[in-house]
Amino acid sequence: MKNYTGVEEQVEYGLDTISLDRKIEVSLRDLMYAYQTFGLLVNFFHNPDHFPTLESVNKFLGDDECGAMHLLKENYYRRLYDVFPPDIRRGFEESRYYNPDPPYYYKPDSE
């Protein structure tokens, strides 16, 4: 049986291997874009009245061209990826920061 994890464990996996003293430089504009994206997600999901149906969640998420998924991919693949030093990017390629245990939402309903 697989060990399924929570979302916090997925995000925090491997971070303890990075010194708290390490810093990077990111453009203020790109950082604000990311911050505004996080704010939009918090604003939408903090109130269940914003997503009374699955259709309303799907509308908010959108796709690769528009909506929250577009913003998330813009942050993840374009604005923030290149700010990481080579050893961290190598860690992405080597799955150093990806939890080997799947998140709970991968768990089949039958388990």
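Hydrogens, waters and symmetry mates are skipped; everything else that's a heavy atom, side chains included, is used. Quantities reported herein were computed from a predicted structural model and do not represent experimental measurements.
Side-chain atoms of Thr5 and Asp101 form no donor-acceptor pair, as typed in the model, at a separation below 3.5 Å.
In this structure, the side chain of Asp63 engages the main chain of Cys66 through a donor-acceptor pair within 3.5 Å. In this structure, the side chain of His70 does not engage the main chain of Gly67 through any donor-acceptor pair within 3.5 Å. A distance-only check finds no donor-acceptor pair linking the side chain of Arg79 to the backbone of Asp30 [under 3.5 Å]. Here the side chain of Glu94 pairs no donor or acceptor atom with the backbone of Gly91 at under 3.5 angstrom.
Considering every non-hydrogen atom in both Pro85 and Arg22, the closest pair reads CG-NH2, 3.3 Å. Across all non-hydrogen atoms, the minimal contact from Tyr4 to Pro108 is OH-CD, 3.5 Å.
Ring centroids of Phe44 and Phe60 are separated by less than 6.0 Å, placing the two rings close together.
Rounded to the nearest 0.5 Å, atoms CG (Leu72) and CG (Leu41) are 5.5 Å apart. Rounding to the nearest 0.5 angstrom, the gap separating the CG atom in Asp64 from the CD atom in Glu74 is 11.5 Å. From Asp49, atom CG reaches atom CZ of Phe51 across 9.0 Å, with rounding to the nearest 0.5 Å. Expressed to the nearest 0.5 Å, how far CG of Asn3 lies from CG of Asn99 amounts to 8.0 Å. Rounded to the nearest 0.5 angstrom, Tyr106 OH and Gln10 CD are separated by 8.0 Å. Atom-to-atom distance recorded for Phe38:CZ and Asn75:CG is 6.5 Å, nearest 0.5 angstrom.
Connection of Phe84 to Val26 is established within a shared hydrophobic cluster, with ILVMFWY side chains joined at heavy-atom distances below 4.5 Å, either directly or through further cluster members. Linking Ile, Leu, Val, Met, Phe, Trp and Tyr whenever their side-chain heavy atoms come within less than 4.5 Å leaves Leu71 and Leu80 in two separate clusters. At a threshold of 4.5 Å between side-chain heavy atoms, the hydrophobic network of Ile, Leu, Val, Met, Phe, Trp and Tyr places Val83 and Tyr97 in one connected group. Hydrophobic clustering (ILVMFWY, side-chain heavy atoms < 4.5 Å, transitive): Ile18 and Leu20 are in distinct clusters. Leu40 and Val57 fall within a single hydrophobic cluster, where Ile, Leu, Val, Met, Phe, Trp and Tyr side chains are chained together by heavy-atom contacts under 4.5 Å.
The closest side-chain heavy-atom distance from Ser56 to His50 is not below 4.5 Å.
For the salt bridge (charged side-chain N to carboxylate O under 4.0 Å, His left out) test, no residue two or more places apart in sequence or in another chain qualifies with Arg29.
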*Determine, stepwise, if the pair Arg96 / Asp87 fulfils salt bridge (charged side-chain N to carboxylate O under 4.0 Å, His left out).*
CA-CA 11 Å; Arg96 194 178 319 146; Asp87 65 309; 5.2 Å; no

*asked:* Using ring pair (Phe, Tyr, Trp, His ring centres under 6.0 Å), reason through Tyr81 and Tyr76 one step at a time and then give a plain yes or no.
replied: CA-CA 6 Å; Tyr81 184 81; Tyr76 191 78; 7.6 Å; no

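Ring geometry for Tyr98 against Phe92 counts as tilted: the plane angle lies between 30° and 60°, on a 0 to 90° scale.
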